[in-house]
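Naming convention: chains lettered A, B, ... in sequence-line order (proteins, then strands); numbering from 1 in each chain.
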There are 2 protein chains.
Amino acid sequence: MMIQDSKQRPRRTNNPQAMRAQILDVAADLFQRQGYNATSIQDVVREAATTGGALHHHFATKKALGLAVIAERVAPEVDETAVQPVATASSAAVGIRKVFNGVADTLERKRAVSGCPLNNLALELSLADPDFREAVNGVFDRWRSALSLRLHADRPEMDLSRAHDLATLIVASYSGAMAMAKASQSAEPLRACAVQLEQVLS
Amino acid sequence: MMIQDSKQRPRRTNNPQAMRAQILDVAADLFQRQGYNATSIQDVVREAATTGGALHHHFATKKALGLAVIAERVAPEVDETAVQPVATASSAAVGIRKVFNGVADTLERKRAVSGCPLNNLALELSLADPDFREAVNGVFDRWRSALSLRLHADRPEMDLSRAHDLATLIVASYSGAMAMAKASQSAEPLRACAVQLEQVLS
DNA sequence: TTATAAAAAGACCGGTTGTCCTGTTTTGTC
DNA sequence: GACAAAACAGGACAACCGGTCTTTTTATAA
């Protein structure tokens, strides 16, 4: 029989920020791939290689974890992949084409098309809980507003309500194209929408 | 103590078609309002005022129930509210406007915007199960094909790939507008897209 | 009337869910 | 170095999940 050194029990290094970030990363990934309801807390615990106690310390409830994922992972990702490229491109039309085709490229590099994280959570949770709905709606709104502003900056002659409606169409077609891409497991809907939107904006 | 007539126990009338239809109706409603995973089969049993045994007799598993809901409730509903109006309208543009604004009217009459049933199930189940994905994708595809055909019939000079891409944009913007409508609990995104799409089609 | 199968009822099972609770270890502060 | 608070471990818990099972009731056709 082996003699175990009882003092050499598994060491623990307290690193709350890294632990919290790790949990958020894993949860964001699982929520996107499986959905919120289909992902159990234990799934997150297992994949994050932590314990229930640690998770509960950082996020008291599953809902709190979900809201944090939206605010600290989904919203920044939307901003990074969709809002900023349009803001920094030479024109709104160019930026939008880059976003659509860029996302399509990314999807084709991956095995599975798991869709837009915002869209996924939006449809699953908007009706379930007002807090979720507000969080999701805020992300949609910031995106739409940024687009609307850019469109108006490009063409000052276009009135604001027209720019707002056009921004809505662009966000909606992106969101819908991602839904179709997920259902067909193909990036083709995104490419098709990119081509047509470019005609609209020219 | 009352003497109960044991022979007068709750009567049961076998009506398999009605029972099956009732279960499908309730399941379709609950799946749309709460989502597939958030709805337990007991929820369906309770709301349909039936029993677990009866439900299991008609649908062996929850997945079978889900597939039946898509094939026998969601698909016909999409056909009725989105495909046929476009097919019978005087022009594709008119039909599309009628669909968008008609759905917007309906949403505003209701209390809550629970979104497009196809979209809801598509995002929740496409990745979870290949059978679900295929069922959902089929509905999307029939809708897109019908639109594409109508666009080409309206304007024979438009080549087929352009018609297909345009149909994709229309379906995507509908789907996405419904997602935004659900998140914002407002029909406004649908109206905005209707206006912009009409400009595209004119 | 009787035979037979379909339809429906309702209890039951193992497994899993999200949450909470009680300890133990680490960290920061005086 | 003492001590309080934070960070983490790990299990307890009741409630519920989807699915199976057996039994009873109903409809139908010979």
Check the distance between [N]'s [atom2] and [X]'s [atom1] and give it to me in whole angstrom.
X	N	atom1	atom2	result
Asn15(A)	dT27(C)	CG	P	9 Å
His57(B)	dA27(D)	NE2	P	14 Å
Leu65(B)	dC17(D)	CG	C1'	15 Å
Gln17(A)	dC8(D)	CD	C1'	16 Å

[X]: which residues meet the salt bridge (charged side-chain N to carboxylate O under 4.0 Å, His left out) condition with it, sequence neighbours left out?
X	answer
Asp25(A)	Arg73(A)
Arg46(A)	Asp43(A)
Asp131(B)	Lys63(B)
Asp29(B)	Arg33(B)

Looking only at side-chain N and O atoms, does [X] come under 4.0 Å of OP1 or OP2 in [N]?
X	N	value
Thr13(A)	dT26(C)	no
His58(A)	dA6(D)	no
Thr50(A)	dA9(D)	yes

### Task
Produce a footprint string for nucleotides 17-22 of chain C: one letter per nucleotide, 5' end first; B if the base is under 4.0 Å from any protein heavy atom, S if only the sugar-phosphate is, - if neither.
BSSB--

### Task
Flag the pair Gln196(A) / Arg162(B) as yes when at least one side-chain heavy-atom distance between them is below 4.5 Å, and no otherwise.
yes

### Pairs where residues 112-138 of chain A contributes a residue and the test ring-ring contact (aromatic ring centres under 6.0 Å, His included) is met, not counting sequence neighbours
Tyr36(A)-Phe132(A)

### Pair listing, ring-ring contact (aromatic ring centres under 6.0 Å, His included) test, anchored in residues 177-202 of chain B, at least two apart
none

### Query
With sequence neighbours excluded, what pairs up with Phe59(B) under the ring-ring contact (aromatic ring centres under 6.0 Å, His included) test?
none

### Task
Enumerate the residue pairs fulfilling side-chain hydrogen bond (donor to acceptor under 3.5 Å, both in side chains) with a member in residues 166-181 of chain A, sequence neighbours excluded, ordered by first and then second residue.
Asn119(A)-Ser175(A), Arg144(A)-Thr168(A)

### Query
Are Arg133(A) and Asp129(A) close enough, and set up right, to give a salt bridge (Lys or Arg N to Asp or Glu O under 4.0 Å), and what steps lead you there?
CA-CA 6 Å; Arg133(A) 191 185 74 76; Asp129(A) 189 294; over 6 Å; no

### Query
Does any residue of residues 19-28 of chain A have a heavy atom under 4.0 Å from DNA chain C, and if so, which ones, in number order?
none

I'd like a table of donor-acceptor pairs (distance under 3.5 Å, sequence neighbours excluded) in which one partner is a side-chain atom from residues 92-103 of chain B, with atom names and distances.
from      : atom 1 : to        : atom 2 : distance (Å)
Arg97(B)  : NH1    : Glu198(B) : OE2    : 3.0
Asn101(B) : OD1    : Arg191(B) : NH1    : 3.4
Asn101(B) : ND2    : Arg97(B)  : O      : 3.4

### Query
End-to-end bend of the helix from dT1(C)-dA30(D) to dC30(C)-dG1(D) (five-pair axes, 10° rounding)?
10°

### Query
Is Arg12(B) side chain donor-acceptor paired with the dT26(D) base, going by distance under 3.5 Å alone?
no

